[in-house]
Amino acid sequence: MKKLLLGNAAVAAGAYEAGVKVVSSYPGTPSTEITENMVKYENVYCEWAPNEKVAAETAIGASIAGGRAMSCCKHVGLNVMADPVFTVAYTGVNAGLVFCVADDPGMHSSQNEQDSRHYAKASKIMMLEPSDSSECKEFTKRAFSLSEQFDTPVFIRLSTRVSHSQSLVDLQEPDKVDLKEYEKNPAKYVMMPANAIKRHTVVEERIKKLRDFAETTDLNRVEMNSGEIGVITSGITYMYAKEALGDKASYLKIGMPYPLPEKLIKDFAEKVKKLYVIEELDPVLEEHCKALGLEVIGKDAFTLLGEYSVNMIKKAVLGIGEPETAHPENVPVRPPVMCAGCPHRGTFYVLKKLGLTVSGDIGCYTLGAAAPLSAMDTTICMGASVSAAHGMAKARGAEFNRHLVSVIGDSTFIHSGITGLIDIVYNKGANTVIILDNSITGMTGHQDNPTTGKTIRGEATKQIDLELLCKAVGVDSVRIADPFDVKNFEKVVKEEVAKDEPSVIIAQRPCALLKKVKYTGHCVITDKCRSCRQCLKAGCPAISAKDGKPFIDVTQCNGCELCTHICPFDAIVKEG
């Protein structure tokens, strides 16, 4: 049966057809839909783990126990996952083990553009890279058998455009894959130094076998057309190059970017007069070709930054290209913004008003850095809001700390904020941490997490009590406050930052987009308005200035009433 699928959905289909038993992941765009689609297959155990490291370790454990397993993350999630990943390269696997990592060229929803192919080389783990949804399914399916054939975990490298574009996929019945026998084998799986040094020898021997495999596998294929131009490429840039150049070029499509072939590349290079390497992000293929002594055109003609396009490739290779689309009039800039009714808006409104330094984190609330709120000073990585603020306070002293807070989402706090809070308590800090509890993992599309009381399948489970958790690690001052009750929230923040002890404020209000949140009606501005423009400072997308006065667009307003708490003259009321 053929079906139109997203690349991520096709990866899930490939894992299902390969007989995967356990899938453990942490949501991260552009990888999230892989695990969300796994939920559709009832006989597969799948879960959202607290973070990527735990997810990888869960998958590794399942593999050692004899069940095919997979863990999925975005490129920066691989940083969190790296510790167990590097070691499982030494242990090898029992049943097939696959790590899916989705890169984000162009940083559509990420804080950097790192290239995950470097991880394959550094960890000495085989990597496959599909170009469309059909290959996503087939490569994933093959990854499990290759994992067992070579006793290695296998990376599947995706990118935003491969993950989120659709093409036809030929779906089949799943393979019947039994659990492999589990045998106690400490020499293979206990990585103490005496065992690990022997396993390193195994890794190097495996790499030699994989290099030989790379020369002959159909994962890497040559498409000969013209002898004038040759293109070595992989992933989505293969699709762009084919569309841009057609039969004017020959192609060496690399479906296995680590380890790379040598003879195959040299033979292809001999058949063409001019050789291009077309790859997004870092010059991984290009540097390999140059190390082989080949003269190639790569980043000299293309960029290290962002995504490529068909037009870009045409211009670089053929010197032609369609003119950029001209618009008859200027298109208004539409920057991302927190939704109408977003619970974080009240928090940032108060923090901006108080003029506090805000150590920020990864989530919807990162938009608190944007005007007019402009209420965030730093964003580094998941969990860094807590740890970085601790460092700020230790560097600048108690007086600075009285004007400093951390903000971190409930899911992010579970992911990697708890250890930072422990650091503050253990090392006699006095920071104030605001946990933005919106009852869901919001930025990646409403996934449940340990604070919601539901599993990935919506089943009821134990719900982490954030208040008790914070008290358990040694925070005596833990307060829960509604960020839409602006006056009280401001009072609570003032009181907590003034304390010479660690404190936590749980800003508790659910995401406005949750089905259980049913705001009604809309707000309007009455003739009491004195045009003080205080309501505009909240940055609500429903409120703008019209003819010099504040105006509420009722088609965007959902009646959350935050503006009614902000207006100092009671000039905003709710209707309906």
Side-chain angles (χ1 to χ4, degrees), residues 14-15 18-20 56 59-60 63-64 66 68-71 78 82 84-101 116-130 135 138-157 175 177 180-181 183 185 187-191 195-222 232 234-235 252-269 284-285 287-289 291-294:
V20 69
I60 291 167
S63 167
I64 292 172
R68 287 187 168 183
M70 181 170 72
S71 186
L78 184 52
V85 165
F86 272 67
T87 299
V88 77
Y90 274 40
T91 68
V93 305
N94 183 12
L97 176 62
V98 173
F99 298 120
C100 296
V101 55
S116 294
R117 291 177 295 176
H118 295 298
Y119 267 105
K121 185 176 181 180
S123 63
K124 301 184 178 181
I125 291 176
M126 180 185 196
M127 177 176 273
L128 310 184
E129 183 174 9
E135 287 190 348
E138 293 304 325
F139 281 27
T140 303
K141 197 170 180 179
R142 288 186 65 177
F144 283 98
S145 58
L146 289 170
S147 173
E148 292 172 358
Q149 178 183 343
F150 290 101
D151 189 16
T152 179
V154 177
F155 281 121
I156 299 286
R157 184 200 185 216
D175 298 336
V177 180
K180 290 188 173 292
E181 290 295 322
E183 296 180 1
N185 190 349
K188 188 174 193 288
Y189 296 117
V190 178
M191 285 301 95
N195 291 338
I197 198 167
K198 296 173 184 175
R199 292 300 302 179
H200 189 188
T201 302
V202 174
V203 170
E204 299 306 330
E205 291 172 352
R206 178 207 299 151
I207 287 295
K208 291 177 184 177
K209 293 176 183 176
L210 287 172
R211 286 199 175 103
D212 291 341
F213 175 76
E215 301 289 356
T216 58
T217 177
D218 59 353
L219 293 165
N220 302 322
R221 69 172 188 263
V222 173
I232 300 176
S234 66
L252 171 51
K253 180 187 181 297
I254 300 293
M256 181 178 163
Y258 186 79
L260 286 164
E262 296 184 4
K263 184 177 183 300
L264 181 66
I265 291 174
K266 287 179 179 178
D267 289 348
F268 178 72
V284 174
L285 300 178
E287 288 175 357
H288 179 75
C289 291
L292 296 176
L294 300 177

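Heavy atoms only: backbone and side chains are in, while hydrogens, waters and symmetry mates are out.
Considering every non-hydrogen atom in both Val203 and Ala89, the closest pair reads CG2-O, 3.3 Å. Minimum heavy-atom separation, Val98 to Ala143: CG2-CB, 3.7 Å. Here the closest heavy-atom approach between residue Phe155 and residue Ser123 is recorded as CE1-OG, 3.7 Å.
Side-chain N or O atoms of Arg68 include one that pairs as donor or acceptor with a backbone N or O of Ala18 at under 3.5 Å. Side-chain N or O atoms of Thr87 include none that pairs as donor or acceptor with a backbone N or O of Pro84 at under 3.5 Å. In this structure a side-chain-to-backbone donor-acceptor pair under 3.5 Å is present from Ser147 to Leu97. Within the 3.5 Å criterion, the main-chain N or O of Arg157 finds no donor-acceptor partner in the side chain of Glu129. Not a single donor-acceptor pair under 3.5 Å links the side chain of Ser234 to the backbone N or O of Gly255. One N or O on the side chain of Glu215 and one on the backbone of Lys263 form a donor-acceptor pair closer than 3.5 Å. Side chain of Asn220 to backbone of Leu252: no donor-acceptor contact under 3.5 angstrom is found.
Of the inter-residue distances, the one linking Cys289 atom SG with Leu260 atom CG reads 8.0 Å to the nearest 0.5 angstrom. One finds the OH atom of Tyr90 at 9.0 Å from the OG1 atom of Thr201 (value rounded to the nearest 0.5 Å). To the nearest 0.5 angstrom, Lys208 atom NZ is 6.5 Å from Glu205 atom CD. Atom CG of residue Leu210 and atom CE of residue Met127 lie 13.0 Å apart, to the nearest 0.5 angstrom. Between the CZ atom in Arg117 and the CG atom in Leu285 there is a gap of 5.0 Å [rounded to 0.5 Å]. One distance of note links CD1 of Ile156 with OG of Ser116; it measures 12.5 Å at 0.5 Å rounding.
Looking at heavy atoms from C-beta onward, Leu78 lies out of side-chain contact with Phe99 at the 4.5 angstrom threshold. In this structure, Val85 and Tyr119 have side chains that are not in contact, with every pair of non-hydrogen atoms separated by 4.5 Å or more. Contact check for Lys124 versus His200: side-chain heavy atoms found under the 4.5 Å cut-off. A heavy-atom distance below 4.5 Å is not found between the side chains of Val284 and Pro257.
Considering only residues two or more places apart in sequence or on other chains, Lys188 meets the side-chain contact (heavy atoms from CB on, under 4.5 Å) condition with Asp151, Asn185, Arg199. Checked against side-chain contact (heavy atoms from CB on, under 4.5 Å), Glu183 has no partners two or more places apart in sequence or in another chain.
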Inset, instruction - Any chance you could lay out the side chain to side chain contact (heavy atoms under 4.5 Å, CB included) test for Thr91 and Val88, step after step, and finish with the verdict? - result: CA-CA 5 Å; Thr91 68; Val88 77; 3.4 Å; yes
Quick one, Met70 with Phe144, criterion side chain to side chain contact (heavy atoms under 4.5 Å, CB included). Give me CA distance, side-chain angles, the key distance, then yes/no.
CA-CA 9 Å; Met70 181 170 72; Phe144 283 98; 4.1 Å; yes
(message) With side chain to side chain contact (heavy atoms under 4.5 Å, CB included) as the criterion, how do Leu128 and Leu146 come out once you've worked through the C-alpha distance, each side chain's angles and the decisive distance to 0.1 Å?
(response) CA-CA 10 Å; Leu128 310 184; Leu146 289 170; 4.2 Å; yes
Worksheet entry | Thr152 vs Lys209, side chain to side chain contact (heavy atoms under 4.5 Å, CB included): CA-CA, chis, key distance, verdict | CA-CA 12 Å; Thr152 179; Lys209 293 176 183 176; over 6 Å; no
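Under a 4.0 Å N-O distance rule, the pair Lys253/Glu135 qualifies as a salt bridge.
For Phe150 and Phe213, the gap between ring centers is short of 6.0 Å.
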